Amino acid sequence: MKFAEGIFGKLLASAGIEENGSQPWDLQIHDKRLYRRVLTQGSLGLGESYMDGWWDCAALDEFFARVLRARVDRKIFGSHKLRALAVSRIMNMQSRLHSKVVARTHYDIGNDLYSKMLDSSMMYSCGYWRHASNLNEAQEAKLELIAGKLELRKGQRVLDIGCGWGTACKYFAERHGVRVVGLTLSTEQAAMARQLCDGHPVEILQQDYRDFDPREKFDAVYSIGMFEHVGYKNYRTFMCKVSNLLEPDGRFLLHTIGGNISVTHTDPWINRYIFPYGMLPSIQQVGKAIEWLFVMEDWHNFGPDYDRTLMEWLLRFEAAWETLSQNYDERFFRMWCYYLCSCAGAFRARRNQLWQILLVPKGLQERVPAVR
């Protein structure tokens, strides 16, 4: 126990974190079994021990930002990812069957949770904070940013791959006069999206993008926060599908979280409790997937905006907990806070990025204006 405690303490100290210290990002240890659990189980042990109440941290988001900046996670967790790496190389973890698992595990856990955590738009992706003062404004600014890059025009036929609760579909139909088809695998999302979009030129389909085969092609395609579930073995399949769905002069906007290095798996704790079989693409992986299919016209990174978005979600989730606790237990509360704070810390440390990538089949004849 002393040996494990010593190693754990030295690693935290390298990130400016103390055990039972006075700073808000310092760990408060309640159970000393934590040391061995983390050293033997990696990130899974760290996350589960927090869910079990073995430790606390007043500023969990800053704790993660410091750990990731100092690369402490790679010193502790690296060897524990070997099994995940091996499995991801052998199996297609984002097959049609596995894709349905994440829909059930994460997106179908309850619209009550998301309606309390998200703003009124029900957008479960990064807002754009450049000129926004609150979450609603940031989410609307994000949608207008996408509309501008796609140059949406009245009467166009548009596809939303991973439409969530249908907010973007309804928004673009109302504000820009386009006809939209939205795809989702989530039963809960599809039901709410159909209700939200009722009376608008929007069709919501509960269908895997790989099985979607419309009669007409689309003038524009966009995907917001769905590509993280596609998987590296399917990146090329995804891009080929979009290429086949798009008119020759059409535009495709990919809005996705990205990583600085190429990986083939995700963090074990995130995989078990939050996003089964998800993973973040790298610039190299996206670039390889679009070869001979698209011209990359614009690559926009506003990763720090996701830090602020996540912290807004955390405040709303905590404020609504008294109501939500009727349907979720205390361990879920700790798990969800850990999820939101660990992700915020990853963006703050610039480990994770948020990209909007504009792709066109043949390249544009005129320079794309820098829509920001």
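Only heavy atoms go into these numbers, but all of them, side chains included; no hydrogens, no water, no symmetry mates. Just so you know, these numbers come straight off a predicted model, no measurement behind them.
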ask   = Are L354 and F275 connected in a single hydrophobic cluster, I mean Ile/Leu/Val/Met/Phe/Trp/Tyr linked by side-chain heavy atoms less than 4.5 Å apart?
value = yes
request  = Could you tell me whether the side chain of S223 reaches within less than 4.5 Å of the side chain of F238, counting heavy atoms only?
outcome  = yes
query = More than 12 foreign heavy atoms under 6.0 Å from NZ of K288: is that the case here?
reply = no
ask   = Any side-chain heavy atom of Y209 sitting closer than 4.5 Å to one from N234?
value = yes
request  = Apply side-chain hydrogen bond (donor to acceptor under 3.5 Å, both in side chains) to Y273 and E48, showing your working.
outcome  = CA-CA 10 Å; Y273 290 100; E48 290 183 336; 2.5 Å; yes
message = With a 3.5 Å distance limit and no angle check, can you tell me whether R351 reaches the backbone of L68 through a side-chain donor-acceptor pair?
response = yes
inquiry  = If the threshold is 4.0 Å, N to carboxylate O, is there a salt bridge linking R69 and E62?
reply    = yes
key: Matching residue for Y35 among W54, W55, F8 - test: ring pair (Phe, Tyr, Trp, His ring centres under 6.0 Å)   = F8
ask   = Are the aromatic rings of F227 and W355 close, with centres under 6.0 Å apart?
value = no
inquiry  = Salt bridge check, D305 against K142: does any charged N sit closer than 4.0 Å to a carboxylate O?
reply    = no
inquiry  = Counting only heavy atoms not in E174 (residues, nucleotides, ligands), do more than 12 fall under 6.0 Å from its CD?
reply    = yes
ask   = Less than 4.0 Å between a side-chain N and a carboxylate O, is that true for D52 and R33?
value = no
task = Would you please indicate yes or no on a ring centroid separation below 6.0 angstrom for F64 and F347?
result = no
ask   = With a 4.5 Å limit on heavy-atom distance, are the side chains of M335 and W269 in contact?
value = yes
task = Answer yes when E247 and R157 have at least one side-chain N-carboxylate O distance shorter than 4.0 Å, and no when they do not.
result = no
key: Distance-only side-chain donor-acceptor flag, Q189 / T184, under 3.5 Å   = yes
query = Would you say the side-chain atoms of N136 and S120 include a donor-acceptor pair closer than 3.5 Å?
reply = yes
Cationic N near anionic O, under 4.0 Å, R331 to D329 = no
query = Can you check whether Y222 reaches L143 side chain to side chain, under 4.5 Å on heavy atoms?
reply = no
message = What I want to find out is whether R350 reaches D307 closely enough, with some N-O distance under 4.0 Å, to be called a salt bridge.
response = no
